[in-house]
> 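One structure, as structure tokens, below. Some questions next.
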Amino acid sequence: MSLNNSDKTFDLSKDGLNEATFAFRYVDTERENFYIETADVDGKTLWVKTVNEVPVVVDNIQDAEAFNVKSTTDTPTANDNVTVSNITVETTTGSVIVKNAAGLKVTVSNLLGQTIASEVLSSDNATIAAPAGVVVVAIEGAEAVKAIVK
């Protein structure tokens, strides 16, 4: 099997490491920690460590980082109730247009915090009158955004 990365082709079928492969080597006989090793273009063995949370390679195993995979009782972060919003706020001369927010409460305020308009939208394409200048559009369940009305 070969991978092609622009002008460079890596042959993954041959034995040994190359600059596109990684191997895991146990640190000791207890087999809890391991080093990650790879090779440079000349076949010299390199080792992985992290610097400021960025993985880098070093040429000395004494500088390599020992990694581990251990059982934990921590609960993973759940994301089974993810909702993605495609609500958009646009402006035209004398109005703010809010799209894809039907059924949500929208409040348009000026920079002093005075409410210009507040309504529950009945359409996915609602136009709300607003004076020229900077307004703040707050939509239920989303972060408020600033908009410039012409």
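If you're wondering where the values come from, they're calculated on a predicted model, not measured in any experiment.
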> For a side-chain contact (heavy atoms from CB on, under 4.5 Å) check, start with the C-alpha distance between Ile139 and Leu121, then their side-chain angles and the critical distance, and finish with the verdict.
CA-CA 10 Å; Ile139 302 169; Leu121 301 184; over 6 Å; no
> Can you list the residues that meet the side chain to side chain contact (heavy atoms under 4.5 Å, CB included) rule with Val149, with sequence neighbours excluded?
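Testing Val149 for side chain to side chain contact (heavy atoms under 4.5 Å, CB included), a comparison that skips the adjacent residues, returns Thr91, Val96, Ala130, Val135.
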> Give a yes or no answer on whether the side chain of Thr38 reaches the backbone of Asn18 with a donor-acceptor pair at less than 3.5 Å.
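Checked: pair present.
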> Quick one: pull up OG1 in Thr107 and CD1 in Ile128 and give me the separation to the nearest 0.5 Å.
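Going from OG1 on Thr107 over to CD1 on Ile128, the span is 8.5 Å.
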> Consider only side-chain heavy atoms of I, L, V, M, F, W and Y, link residues closer than 4.5 Å, and tell whether Ile87 and Val145 are in one cluster.
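Same cluster.
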> Should Ile116 and Val136 be regarded as members of a common hydrophobic cluster, given that ILVMFWY residues are connected when their side-chain heavy atoms come within less than 4.5 Å of each other, either directly or indirectly?
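Ile116 does not cluster with Val136.
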> Starting from the C-alpha separation in whole Å, work towards a yes-or-no answer on side-chain contact (heavy atoms from CB on, under 4.5 Å) for Val56 and Lys49.
CA-CA 6 Å; Val56 297; Lys49 75 180 242 178; 3.7 Å; yes
> Not counting sequence neighbours, which residues clear side chain to side chain contact (heavy atoms under 4.5 Å, CB included) with Ala132? List them please.
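Side chain to side chain contact (heavy atoms under 4.5 Å, CB included) check on Ala132 returns nothing, list empty.
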> Between Val48 and Pro55, what is the shortest heavy-atom contact and its length?
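So the two residues come closest at CG1-CB, 4.2 Å.
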> Tell me every residue that passes side chain to side chain contact (heavy atoms under 4.5 Å, CB included) with Thr127, counting only those two or more places apart in sequence or in another chain.
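Testing Thr127 for side chain to side chain contact (heavy atoms under 4.5 Å, CB included), a comparison that skips the adjacent residues, returns Ser95, Ile97.
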> With sequence neighbours left out, write down each residue that passes salt bridge (charged side-chain N to carboxylate O under 4.0 Å, His left out) with Lys44, or none if nothing qualifies.
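With neighbours one apart ignored, the set is Asp59.
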> Do Ile148 and Val108 share a hydrophobic cluster (ILVMFWY, side-chain heavy atoms under 4.5 Å, transitive)?
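In one cluster: no.
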> Could you give all pairs that pass the salt bridge (charged side-chain N to carboxylate O under 4.0 Å, His left out) test and reach residues 88-104, with sequence neighbours left out?
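Only Glu90-Lys99 qualify under salt bridge (charged side-chain N to carboxylate O under 4.0 Å, His left out).
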> Taking a hydrophobic cluster as the set of Ile, Leu, Val, Met, Phe, Trp and Tyr residues connected by side-chain heavy atoms closer than 4.5 Å, whether directly or through intermediates, do Val54 and Ile36 fall within one such cluster?
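Looking at the clustering, Ile36 is in a separate group from Val54.
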> Who are the side chain to side chain contact (heavy atoms under 4.5 Å, CB included) partners of Asn52, not counting sequence neighbours?
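Not a single residue meets the side chain to side chain contact (heavy atoms under 4.5 Å, CB included) criterion with Asn52.
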> Can you confirm whether Leu111 is buried at CG, in the sense that more than 12 heavy atoms of other residues, nucleotides or ligands lie under 6.0 Å from that atom?
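Yes.
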> Does anything in residues 139-150 form a salt bridge (charged side-chain N to carboxylate O under 4.0 Å, His left out)? List the pairs, not counting sequence neighbours.
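Listed by first then second residue: nothing to list.
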> Minimum heavy-atom separation for Tyr35 to Ala64, with atom names?
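Nearest pair, atom of Tyr35 first, then Ala64: CD2-CB, 3.8 Å.
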> Hey, can you pull the donor-acceptor pairs under 3.5 Å for the side chains in residues 23-33, sequence neighbours left out?
| from | atom 1 | to | atom 2 | distance (Å) |
| --- | --- | --- | --- | --- |
| Arg25 | NE | Glu37 | OE2 | 3.3 |
| Asp28 | OD1 | Glu30 | N | 3.1 |

> As an exercise, state the distance from OG1 of Thr45 to CG of Asn60, rounded to the nearest 0.5 Å.
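Answer for the OG1-CG pair, Thr45 versus Asn60, is 11.5 Å.
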> Could you list the cluster mates of Leu17? Members are the ILVMFWY residues connected by side-chain heavy atoms closer than 4.5 Å, either directly or through other members.
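ILVMFWY cluster around Leu17 holds nothing else.
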> Can you list the residues that meet the side chain to side chain donor-acceptor pair (under 3.5 Å) rule with Asn110, with sequence neighbours excluded?
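Asn110 satisfies side chain to side chain donor-acceptor pair (under 3.5 Å) with Gln114 only.
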> Applying the 4.5 Å side-chain criterion to the ILVMFWY set and letting contacts propagate, would Val58 and Ile61 be lumped into a single cluster?
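Both belong to a single hydrophobic cluster.
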> Please name all residues satisfying side chain to side chain donor-acceptor pair (under 3.5 Å) with Ser122, sequence neighbours left out, ordered by chain then number.
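Expected list: none.
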